[in-house]
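Heavy-atom basis, side chains included; hydrogens, waters and symmetry copies ignored. Here the structure is a predicted model, which means the values were calculated and not measured. Order of listing sets the numbers, starting from 1, for every ligand and every atom in it.
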Amino acid sequence: MTKPTLRHLLEETDAFVTVTEVVPARGLAPDALSRRSLEAARALVDDPRIAAISITDNAGGHVMSNPVVLAEELLGRGQDVIVHVACRDRSRNGLLSLAWELERRGVRNVLAVSGDHPVEGFRGLSEPVFDVDSVGLVALCHGLVNEPGPDGDGTAPGLYIGAAVSPFKRLEAEAILQYLKLGLKIRAGADYIIPQLGYDARKWDELLRWMRLHDLRRPVLANVYVLTRTVARLFNANRIPGCVVSDELLATVERAAAGPDRGRAFFLELAAKQVAIARGMGFRGAYLAGHLPAVDVDRVLALADGFAPDWPDLAREVQHSPKGTFFAYRRDPATGLGTDELDPRYARSITPAARAGARRRASPWYRFNRLAHDHVFAPGSAGFRAAGRAYERVERWHLDRPLHVLEQALKIPLYDCRDCGDCSLPDVAYLCPESQCPKGERNGPCGGSHDGTCEVLPRRCVWVRAYERLKPYGEELTVLDRPPVIVDNALRRTSAWANTFRGRDHFSRETPS
Ligand code: SF4
C-alpha cells in the first residue's frame with residue numbers, strides 16, 4: 001500500500017494528519033529504546049492514519065546512525081517520511097549534496113534545523129560545523145534544489161521543506177525573535193512548520209495567532225511529546241535544549257508516576273488531550289514523539305477522538321508554562337487563550353513614551369556604534385562614499401594589509417572580532433555573532449536558549465542582548481526584515497571594512513545594484 005504524500009495531504013486536502021517521530025539506532029546493534037522506536041516505525045507503516053514518519057538527525061547532539069538508511073526502508077514499504085537535516089555536522093556543500101541525495105532517493109520531506117550543539121565525539125568533543133544556520137539551509141534547499149534557474153536544479157517534484165519554531169520561551173525577547181525568525185524562514189522557502197514541544201495551549205494559540213496576523217500562511221503540525229517521568233525531569237532541568245516542562249507540570253508528573261502504572265495512563269491521556277486541542281485550534285496535524293510503541297500511538301489517537309468535542313475545556317486545562325512566561329496577546333477570560341489585542345504589559349512597553357524612556361538609558365557605547373554606523377557604514381551616507389573612495393586607493397597602493405591590522409587592533413578588544421571578513425555587527429546590534437554565539441547564528445536565535453541564557457555557554461544569548469538594545473529604538477520587530485545572511489568564507493581573514501566599502505560582503509549581495 002502506498003499512502004498519499006505529506007505534501008499532498010497538507011497542500012491539497014483539509015485532512016488533519018498524524019506524523020510520528022523515530023530516532024535512528026545508535027551504533028550497529030540498536031539498544032532497547034532504539035529497537036522499540038524502530039519496531040514502532042515498521043508497525044506504523046500499515047496504519048493508514050500515519051501520514052509520515054519523521055527521522056531525527058543526531059538529535060540532542062548525540063551520534064546516531066544516518067537517517068537516510070531508515071528513510072529508504074520505510075519509503076520502500078510505501079510510507080512517506082520526513083528526514084531531519086541539521087547544520088551542525090555538515091558544511092553548506094555537504095548539506096547540498098545531502099539534499100540532492102535525498103531527492104534522488106525519493107525522500108520528499110525534510111526538516112531543516114540548526115541542530116543541538118554536539119555533546120560527545122570520538123576521543124573528545126566533535127567540532128560543530130554551523131557553516132550555515134537553519135535559515136540558510138532552508139534558502140539553500142529552496143534555491144538550489146527546488147528553484148529552476150542558473151543555480152537551481154528545479155526538476156520536479158523537489159523537496160517539501162519543513163522548519164522549526166520555539167514558541168515555548170519565557171522571555172519576550174526569546175519569543176518574539178522566534179516568531180520573527182519563523183517569518184524569515186518562510187520568506188526563505190519553508191513550506192510547513194513544526195514547533196518545538198511544550199505543554200501550553202495558550203502558547204500554541206499565540207503561535208497560530210501570530211502567524212495569522214502576520215500573514216505567515218503555512219501548515220503547522222503541533223508537536224506532542226509523550227512524557228515519561230525520566231524525560232519530564234530532563235526537560236524540567238533544561239537538559240534537552242528548548243524542551244520545557246514547568247515545575248508545576250513536573251509535580252503533577254511525579255504524582256502520576258508514583259501510581260502502579262508509573263504514570264503511563266496519565267502521559268497517554270495528556271498527549272491525547274493535546275492532539276484534540278491541536279485539531280480544535282486549527283493545527284494541520286499532530287507530530288507525535290517520545291519513543292512510542294505502535295500500541296501507544298493507537299491509544300493516543302483513539303483517546304484524542306473521544307476528547308475532540310471537549311477541546312475548548314482541555315485548552316484551558318493544558319496550560320503549563322513556567323511562572324512569569326511572556327505572552328504577546330491579551331488573555332481572553334472566556335477561552336483562556338489569546339485575543340488579537342496585544343498583552344497590556346507588552347503593549348505598554350512599546351509605546352513611544354516607553355521607548356523614549358528606555359532610549360535615555362541606552363549605553364553610551366551602543367549609541368556611539370549607531371552614530372558611527374549611520375555616518376560611515378550606512379550605504380549612501382557621505383562617510384560611506386568617502387570610505388569607498390579611500391579604500392579604492394588603499395587597495396591600489398597595496399596598503400590594505402597594514403590597514404587590516406589596524407582594523408583588527410580596534411575590533412578585537414572592542415567586539416571580540418574573529419576576522420570573518422563578512423561582518424554582521426550591524427545585523428546583531430553591534431554584537432559579534434562569530435564570537436558571542438557558539439553556533440554563529442546570523443539570522444536570529446536558535447531554539448535552545450533558556451530564560452535568555454545560551455544553550456551552550458553560561459551567558460546571555462547574543463540575540464536576546466541584541467533585542468534589548470534594539471527595542472528602545474523601535475527596531476526590534478524589523479531586525480530580521482532582510483534576506484538571510486549567509487557568510488562568504490572566501491572573505492575570512494580579509495578586511496571587513498574593505499569588503500563593506502568595496503561591495504564584497506553580504507550587505508552588497510543583499511542590496512540590488
Ligand atoms: S547565543 Fe543564542 S543563538 Fe547562539 S547558540 Fe546560544 S542560545 Fe543559540
Side-chain angles (χ1 to χ4, degrees), residues 57-62 84 86-90 111-120 125-139 163-185 188 195-198 235 237-244 322 325-326 415-418 420 422-471 476 479-480 482 484-487:
D57 179 16
N58 292 349
H62 295 281
H84 297 211
C87 303
R88 171 200 47 233
D89 304 313
R90 302 170 191 94
L111 181 66
V113 294
S114 292
D116 302 321
H117 208 264
V119 293
E120 60 181 353
L125 190 64
S126 173
E127 173 75 10
V129 181
F130 298 120
D131 182 24
V132 292
D133 58 21
S134 52
V135 178
L137 175 55
V138 169
V165 59
S166 281
F168 297 95
K169 296 294 178 192
R170 208 175 64 81
L171 303 190
E172 172 194 324
E174 295 173 292
I176 298 287
L177 283 167
Q178 282 296 321
Y179 297 142
L180 299 178
K181 187 173 183 177
L182 173 65
L184 187 53
K185 287 177 178 178
Q196 182 57 283
L197 63 94
F235 288 175
N238 189 33
R239 297 278 296 280
I240 313 291
C243 302
V244 180
T325 293
F326 164 83
Y415 302 100
D416 197 6
C417 168
R418 297 293 158 91
C420 71
D422 198 355
C423 186
S424 263
L425 284 173
D427 299 318
V428 197
Y430 312 110
L431 297 163
C432 172
E434 290 281 311
S435 59
Q436 311 295 301
C437 172
K439 298 183 185 175
E441 299 271 353
R442 297 204 180 199
N443 294 296
C446 74
S449 68
H450 179 74
D451 289 356
T453 300
C454 172
E455 166 191 329
V456 185
L457 299 172
R459 63 183 184 206
R460 279 174 83 65
C461 168
V462 68
W463 278 97
V464 169
R465 291 167 61 205
Y467 182 96
E468 288 164 354
R469 284 181 166 195
L470 293 165
K471 189 172 171 184
E476 81 285 10
V479 60
L480 297 180
R482 52 163 172 77
V485 175
I486 298 180
V487 181

Engineer: List the residues meeting side chain to side chain contact (heavy atoms under 4.5 Å, CB included) with D416, not counting sequence neighbours, and say none if there are none.
Structural biologist: R418, S435, Q436

Engineer: State which residues pass ring-ring contact (aromatic ring centres under 6.0 Å, His included) with Y467; sequence neighbours excluded, sorted by chain then number.
Structural biologist: none

Engineer: Mind checking the SG-CZ spacing from C454 to R465? Nearest 0.5 Å is all I need.
Structural biologist: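 Answer for the SG-CZ pair, C454 versus R465, is 11.0 Å.
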
Engineer: Hey, is E434 close enough to R442 for a salt bridge, meaning N to O under 4.0 Å?
Structural biologist: yes

Engineer: Search all heavy atoms of Y179 against all heavy atoms of P167 and return the closest pair with its distance.
Structural biologist: OH-CB, 3.4 Å

Engineer: For P445, give me all partners under side chain to side chain contact (heavy atoms under 4.5 Å, CB included), at least two apart in sequence or on another chain.
Structural biologist: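 With sequence neighbours excluded, P445 shows a side chain to side chain contact (heavy atoms under 4.5 Å, CB included) to L177, Q178, C461, W463, given in chain and number order.
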
Engineer: Take atom 8 (Fe) of ligand 1 and tell me which protein N, O or S atoms are nearer than 2.8 Å.
Structural biologist: C446 SG

